[in-house]
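Worksheet: one structure, shown below.
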Number of protein chains: 2
Amino acid sequence: MRKNKKSIEMEKCLKTQGFRMTLPRRVILDFLSKTDEHLLAKDIYLKINKNHPDIGLTTVYRTLDLLVKLSLINKFEFGEGQSRYELTWDLKEHHHHLFCLKCGKIIDYNDFIDDEVKFFTKIQKFLSKKYKFNIQNHEVHFYGKCNQCHELLH
Amino acid sequence: MRKNKKSIEMEKCLKTQGFRMTLPRRVILDFLSKTDEHLLAKDIYLKINKNHPDIGLTTVYRTLDLLVKLSLINKFEFGEGQSRYELTWDLKEHHHHLFCLKCGKIIDYNDFIDDEVKFFTKIQKFLSKKYKFNIQNHEVHFYGKCNQCHELLH
DNA sequence: ATGTTAATGATAATCATTTTCAATAAGGAG
DNA sequence: CTCCTTATTGAAAATGATTATCATTAACAT
């Protein structure tokens, strides 16, 4: 197994928090650290299964839960009835998603225009105060049709 | 059954589109039109079940699907593993949600500050162009802790 | 090297949602 | 108003994602 910077960083985080470094966790971390897709638990299980047929789906779910808890990955839902996971980017690379309702394609969007970041900071401050709500994070999902799907309909 | 303006409006929409007006549909429409909560299918089923024990959960699901298709209601997910439904507000009352990760409380937020609406219009135009993506709608979810839950922790 | 105990994997359980299919009822035609 | 077609319904079973159980295994502190 080849480890990259990101997966080593994640391993360190696990250890620091007192979790054991096991083969399944290493494999899953390594795999996640090398993809920028928004994967289903099953996707991850199937990909890993080729080289590691002894790692079960249950363990994939458990590891994903753990990584979410440690904020190393994010869990999303786009109304598909199942969850998608992706590596957490650095803070400055906070991003939003475009989801194609036709084919399920997901586009990451993080080239914020103008003062978009400043804007959300402002909204959050306003909401926190008005609704006495301790906001931890936000998600913005844009739904519609991607280029290809839109053209197919014409 | 007492019908209000909103439910009559919704009935009309169904009929116009060629769907039959049945008792279960009328009951569900009437119930939905009188609540501003974000309900689970099961919630709706249970509430209705008191007066209409013959209306099944399956029919509730089917009716909700239909209403979503007709854009009369919206379907949301907040990472709970089940969907929530709410009446579609008028366009000018487009709103976003604050979701309490502790107790599941949902707060509607539609008193947009400054030019928030203008801002989203601008973002959408930018994204549509850059990613050649036909955006139909967007969702903004703020996650955190509501007042009560936050105080409980201190 | 070893003992403690967290982590795993196989299996079964759970839970939301969907499918199936025979019975019913909406609503147009006569 | 009655009949006919067919959309809609309800009960039950099926599906599919995720979680719980529990005996076995392996991490890692000592």
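Note on naming: letters A, B, ... go to the chains in the order of the sequence lines (proteins, then strands), and numbering restarts at 1 for each one. Predicted model, so just to flag it, every value in this text is computed and none were measured.
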Check: Does the ring centre of H138(A) sit less than 6.0 Å away from the ring centre of Y143(B)?
Finding: no

Check: Does the separation of the ring centres of H97(B) and Y109(B) fall below 6.0 angstrom?
Finding: no

Item checked: Below 4.0 Å: OP1/OP2 of dT18(D) and any side-chain N or O of S83(A) -> yes

Checklist line | Test item: side-chain donor near acceptor, E116(A) and H94(A), under 3.5 Å | finding: no

Notebook entry, point to check: CG of L46(A) versus P of dG16(D): gap in Å, rounded?
Noted result: 14 Å

Checklist line | Gap between atoms CG and P, on D65(A) and dA6(C) respectively (whole Å) | finding: 18 Å

Margin query: Starting the side chain at C-beta, find the nucleotide from dT17(C), dT18(D), dG27(C) nearest to Y61(A).
Written below: dT18(D)

Next item on the list: Evaluate the criterion side chain to side chain donor-acceptor pair (under 3.5 Å) for residue pair Q148(A) and H150(A); output intermediate values, then yes/no.
Entry: CA-CA 5 Å; Q148(A) 292 167 14; H150(A) 194 243; over 6 Å; no

Note to self: With rounding to the nearest 0.5 angstrom, report the CG to NZ distance, L98(A) to K145(A).
What the structure shows: 14.0 Å

Notebook entry, point to check: From the list dA16(C), dT5(C), dA7(D), which nucleotide is the closest neighbour of the side chain of R20(A)?
Noted result: dT5(C)

Next item on the list: Produce a footprint string for nucleotides 9-14 of chain D: one letter per nucleotide, 5' end first; B if the base is under 4.0 Å from any protein heavy atom, S if only the sugar-phosphate is, - if neither.
Entry: BBBB--

Notebook entry, point to check: How many Å lie between CE on M21(B) and P on dG28(C), as a whole number?
Noted result: 13 Å

Check: Taking for each residue the nucleotide of DNA chain C with the nearest heavy atom, is it L57(B) or F19(B) whose nucleotide lies nearer the 5' end?
Finding: L57(B)

Check: Please give, in whole Å, the distance from dT19(D) P to K75(A) NZ?
Finding: 6 Å

Item checked: Polar contact flag, side-chain donor to acceptor under 3.5 angstrom, D108(A)-H38(A) -> yes

